[in-house]
Amino acid sequence: YFWLFFLSFRSSAKLVAPLGCLISRQKHTLPDLPYDYAALEPHINAEIMQLHHSKHHATYVNNLNVAEEKYKEALAKGDVTTQVSLQPALKFNGGGHINHTIFWTNLSPNGGGEPKGELMEAIKRDFCSFANFKEKLTAVSVGVQGSGWGWLGYNKEQGRLQIAACANQDPLQGTTGLIPLLGIDVWEHAYYLQYKNVRPDYLKAIWNVINWENVSSRYATCKK
């Protein structure tokens with residue numbers, strides 16, 4: 001995703017690199033869910049899933065395409081001021097698209113339980129136990145002030161798993177360098193219709209639909 005490059009923006013010289021990508025790329029599209037809207041019930045109800053996917057995620061995609069089009073025009077004109085002013089929109093909507101694309105695959109109607117294999121071994125190595133890992137990620141997610149995400153990421157330089165929180169739609173890798181494995185959306189639109197303002201109840205429920213096969217696959221890929 002080229003917009004991750006924008007997030008490490010340090011000088012106008014760095015904005016020149018994505019030009020070919022901007023001109024030739026196709027517009028972003030809303031990915032299909034790998035399951036029906038009602039498939040995660042009773043843990044996440046169909047109304048939440050429909051609004052979350054078809055409205056919220058779709059809005060990030062649409063706004064990202066608009067921001068990129070404006071950026072392409074500014075780049076062609078050499079308008080650095082406009083390029084810089086578009087960075088927040090690219091970060092927010094690009095992050096929203098990245099985060100939700102991961103989130104949908106992190107969930108499954110056949111999820112829950114505990115991971116197996118190398119991922120479980122890594123969790124035990126880095127967090128002592130699965131129970132301790134679950135408690136820490138839940139606590140970090142509950143503790144996000146306002147809107148944001150709780151993440152399990154992979155620190156490639158250190159070769160270990162790491163828990164982090166990101167505000168708003170800040171993408172994990174673009175803002176921390178960690179490779180995202182499992183993201184938990186704690187924006188109110190992810191749970192309010194069902195759990196009201198009781199975020200801990202939502203976080204307790206979501207563990208029943210975590211797709212550990214997907215998380216394990218992401219872990220195996222980033223270790224290569």
Side-chain angles (χ1 to χ4, degrees), residues 34-35 39-45 48-49 52 95-96 98-223:
Y35 39 77
L40 304 182
E41 291 186 341
H43 310 294
I44 305 177
N45 69 36
I48 286 176
M49 291 300 296
H52 199 171
I98 292 172
N99 294 342
H100 285 88
T101 299
I102 295 169
F103 184 59
W104 307 133
T105 62
N106 278 168
L107 305 177
S108 169
N110 301 313
E114 300 181 357
K116 300 177 181 178
E118 288 189 359
L119 177 60
M120 186 58 149
E121 292 174 6
I123 287 173
K124 290 179 178 179
R125 180 195 67 207
D126 296 330
F127 302 104
C128 296
S129 68
F130 178 76
N132 190 49
F133 153 71
K134 183 177 175 180
E135 181 181 345
K136 285 183 178 294
L137 182 52
T138 298
V140 164
S141 301
V142 168
V144 171
Q145 294 185 349
S147 301
W149 293 71
W151 288 98
L152 172 66
Y154 181 66
N155 187 320
K156 201 169 185 67
E157 290 185 0
Q158 298 180 13
R160 68 183 185 90
L161 301 175
Q162 195 170 325
I163 288 173
C166 289
N168 301 313
Q169 292 297 350
D170 291 1
L172 183 70
Q173 190 167 3
T175 53
T176 70
L178 299 174
I179 300 172
L181 303 178
L182 169 63
I184 300 180
D185 188 348
V186 291
W187 279 65
E188 285 191 342
H189 65 235
Y191 62 88
Y192 198 87
L193 288 176
Q194 186 172 359
Y195 294 98
K196 307 308 181 200
N197 64 329
V198 190
R199 184 186 289 179
D201 284 356
Y202 157 70
L203 288 166
K204 182 179 179 181
I206 202 170
W207 289 103
N208 293 298
V209 289
I210 297 298
N211 184 354
W212 290 115
E213 289 186 7
N214 179 263
V215 181
S216 295
S217 176
R218 291 180 181 277
Y219 178 61
T221 298
C222 72
K223 284 188 64 183

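Hydrogens, waters and symmetry mates play no part in the numbers below; they use all other heavy atoms, side chains included.
For Gln194 (side chain) and Pro42 (main-chain N/O), a donor-acceptor pair under 3.5 Å exists by modelled atom type. Between the side chain of Asn106 and the main chain of Ile210, no donor-acceptor pair closer than 3.5 Å is present.
Closest non-hydrogen pair, Val144 versus Ala165, comes out as CG2-CB, 3.9 Å. The two residues Pro171 and Gly95 make their nearest non-hydrogen contact at CD-CA, 4.0 Å. The shortest heavy-atom contact between Gly150 and Leu137 is C-CD1, 3.9 Å. The shortest non-hydrogen separation linking Leu172 to Gly153 is CD2-CA, 4.0 Å. The shortest non-hydrogen separation linking Ala205 to Tyr195 is CB-OH, 3.1 Å. Of all non-hydrogen atoms in Arg199 and Val142, the two that sit nearest each other are NH1-O, 3.2 Å.
Residues satisfying the side-chain hydrogen bond (donor to acceptor under 3.5 Å, both in side chains) criterion with Asp185, sequence neighbours excluded, are His52, His100. Residues meeting the ring pair (Phe, Tyr, Trp, His ring centres under 6.0 Å) test with Tyr35, sequence neighbours left out: none. By the salt bridge (charged side-chain N to carboxylate O under 4.0 Å, His left out) test, Lys223 is found to be paired with Glu118, residues two or more places apart in sequence or in another chain being considered.
Here Asn110 contributes atom CG and Leu40 contributes atom CG; the two are 10.0 Å apart, rounded to the nearest 0.5 Å. For the atom pair Asp126 CG and Glu121 CD, the distance stands at 11.5 Å (nearest 0.5 Å). Residue Ile44 holds its CD1 atom at 12.0 Å from CG of Leu193, rounded to the nearest 0.5 Å. Here the straight-line distance linking atom CG of Leu107 with atom CD1 of Ile184 works out to 9.0 Å at 0.5 Å rounding. Here OH of Tyr191 is found 7.5 Å from CG of Asn197. Values are rounded to the nearest 0.5 Å.
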### Task
Could you walk me through whether Asn168 and Trp187 pass side-chain contact (heavy atoms from CB on, under 4.5 Å), step by step?
CA-CA 8 Å; Asn168 301 313; Trp187 279 65; 4.2 Å; yes

### Query
Can you check side-chain contact (heavy atoms from CB on, under 4.5 Å) on Phe133 and Leu161, steps first, answer last?
CA-CA 10 Å; Phe133 153 71; Leu161 301 175; over 6 Å; no

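Within 6.0 Å of CD on Glu41 lie more than 12 heavy atoms contributed by other residues, nucleotides or ligands.
Among residues at least two apart or in separate chains, side-chain hydrogen bond (donor to acceptor under 3.5 Å, both in side chains) pairs with a member in residues 148-164 are Trp149-Gln169, Asn155-Gln162, Gln158-Arg160. Sequence neighbours left out, the pairs with a member in residues 127-142 that pass side-chain hydrogen bond (donor to acceptor under 3.5 Å, both in side chains) are Thr138-Trp207.
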Pairs under 3.5 angstrom only: tabulate donor-acceptor contacts from the side chains of residues 215-222 to other protein residues two or more places apart or in another chain.
residue	atom	partner	partner atom	Å
Ser216	OG	Trp212	O	2.8
Arg218	NE	Asn214	OD1	3.0
Arg218	NH2	Thr105	OG1	2.8
Thr221	OG1	Ser217	O	2.9

